[in-house]
Amino acid sequence: MAINIESALVSATRALQGVSDSPRLDAELLLMFVLEVPRSHLFAHPDRELDRRDDARLRSLLERRLKHEPVAYLTGEKEFWSLSLQVTPATLVPRPETERLVEAALTLIQPNANVAVLDLGTGSGAIAIAISSERPQCHIVATDRSASALSVATANAVRHELTNISFQQGDWLEAVAGETFDIIVSNPPYIASDDTALAQLPCEPRSALASGKHGLDAIRRIAADSGRHLVSGGTLLLEHGADQQESVARILAGQNWRNIQCLSDLCGLPRVTRAMWQSPGESEVP
Ligand code: GLN
């Protein structure tokens, strides 16, 4: 007997309970993808029956989801900052908490300001694209070590018709030799390499998630090398784990960063640290 939309959602939600924090949402997103319909269609037509092909496609996607493959890889899409982005296994799936980093960057940039922004390790391009969409006058450089990530990011910029981002390949600051910016932002890998949380994230690039014994290797490198690429008084904004606030502040303080301040995300967790660069030898910027 054919299954209808509502029953398919109920049974998919039940199946996903163990692997997902948002089983009903995942079920809806997968069914929307299979049926090629907007969400409103699921609510308007709960009695619509799935044909055998759609039912089979939904089942095969559910099987993959049960092996921890993110919904975004199954559908090829993820919404970030209200923008639909292409994502592939070459890139981290953008997380809602990273929107806090975008928000913090936007508070530093006046709407029509021509500010130079660098996004290190851009992945799908989420941060650079969100900033670009809000501040079209900015000049943004987005980097990644991975050529395949950069091609996803470039496709996302094209999709949203953003022309003020240039993409450059390279390892952290090596991608921008000789260039200087007003603001540097990054969502680097920051999970400790032996953290058991990684077992729940088997599909995303390990290099975008984990960074050494304490998860701080990439942050250390960025803290050490970013100053040379910032104007004096320029700002660095870094996302990090909720338990890394003090370590990040210590690393930054040891590298001549000033005005180090941690910002909380919507859940009240300390997830973004902001610091000001002051060229060594210069007097305090008021
Ligand atoms: N926020 C991600 C997670 O905890 C990790 C992303 C990152 O390491 N930059 O799943």
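Just follow the structure's listing: the first ligand is 1, and inside any ligand the first atom is 1. This chain uses plain numbering: 1 for the first residue, then up along the sequence. Worth knowing before you read on, the calculation uses all heavy atoms, side chains too, and leaves out hydrogens, waters and symmetry mates.
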(request) Using a strict cut-off of 4.0 Å, indicate which atoms of ligand 1 neighbour a heavy atom of A208. (result) 7 (C), 8 (O), 9 (N)

(message) Here's one to test your reading of the geometry: is the NZ or CZ of R57 within 45 degrees of the ring axis of F33 and under 6.0 Å from its centre?
(response) yes

(message) Heavy-atom contact check, 4.0 Å cutoff: does E97 meet ligand 1?
(response) yes

(request) Enter the distance from S264:OG to L269:CG here, rounded to the nearest 0.5 Å. (result) 7.5 Å

(message) Can you tell me if G241 contacts ligand 1 (heavy atom of the residue under 4.0 Å from the ligand)?
(response) no

(request) Tell me which protein heavy atom sits closest to atom 10 (O) of ligand 1, plus the residue, atom name and distance to 0.1 Å. (result) R95 NH2, 2.9 Å

(message) So if I count the atoms of ligand 1 from 1 in the order they appear, which ones are less than 4.0 Å from some heavy atom of P188?
(response) 7 (C), 8 (O), 9 (N)

(message) Evaluate P189 for polar contact with ligand 1, using N/O atom pairs at a separation under 3.5 Å.
(response) no

(message) Is it the case that the side chains of Q110 and Q137 hold a donor-acceptor pair, with the cut-off being a distance below 3.5 Å and no angle test?
(response) no

(message) Given 3.5 Å as the limit, does a donor-acceptor pair link the side chain of W257 with the main chain of W277, or not?
(response) no

(message) Just to confirm my output: which protein heavy-atom neighbour is closest to atom 4 (O) of ligand 1, and how far is it?
(response) I191 CD1, 4.0 Å

(message) Keeping S146 on the side-chain end and A149 on the backbone end, is there a donor-acceptor pair under 3.5 Å?
(response) yes

(message) Within the structure provided, determine whether S226 and L173 are in side-chain contact (heavy-atom separation under 4.5 Å).
(response) yes

(request) Indicate, as side chain, backbone, both or neither, the part of A210 found under 4.0 angstrom from ligand 1 when only non-hydrogen atoms are considered. (result) neither

(request) Of all the heavy-atom pairs spanning T75 and L29, show the shortest one and how long it is. (result) CG2-O, 4.2 Å

(request) Measure the distance from atom 1 (N) of ligand 1 to every protein heavy atom, then report the residue, atom name and distance (to 0.1 Å) of the closest one. (result) Y190 OH, 2.8 Å

(request) Could you tell me whether the side chains of S84 and E77 share a donor-acceptor contact shorter than 3.5 Å? (result) yes

(message) Using a plain distance cutoff, I'd like to know if L201 has any nitrogen or oxygen under 3.5 Å from a nitrogen or oxygen of ligand 1.
(response) no

(message) Less than 4.0 Å is my threshold; does some heavy atom of A197 fall inside it relative to ligand 1?
(response) no

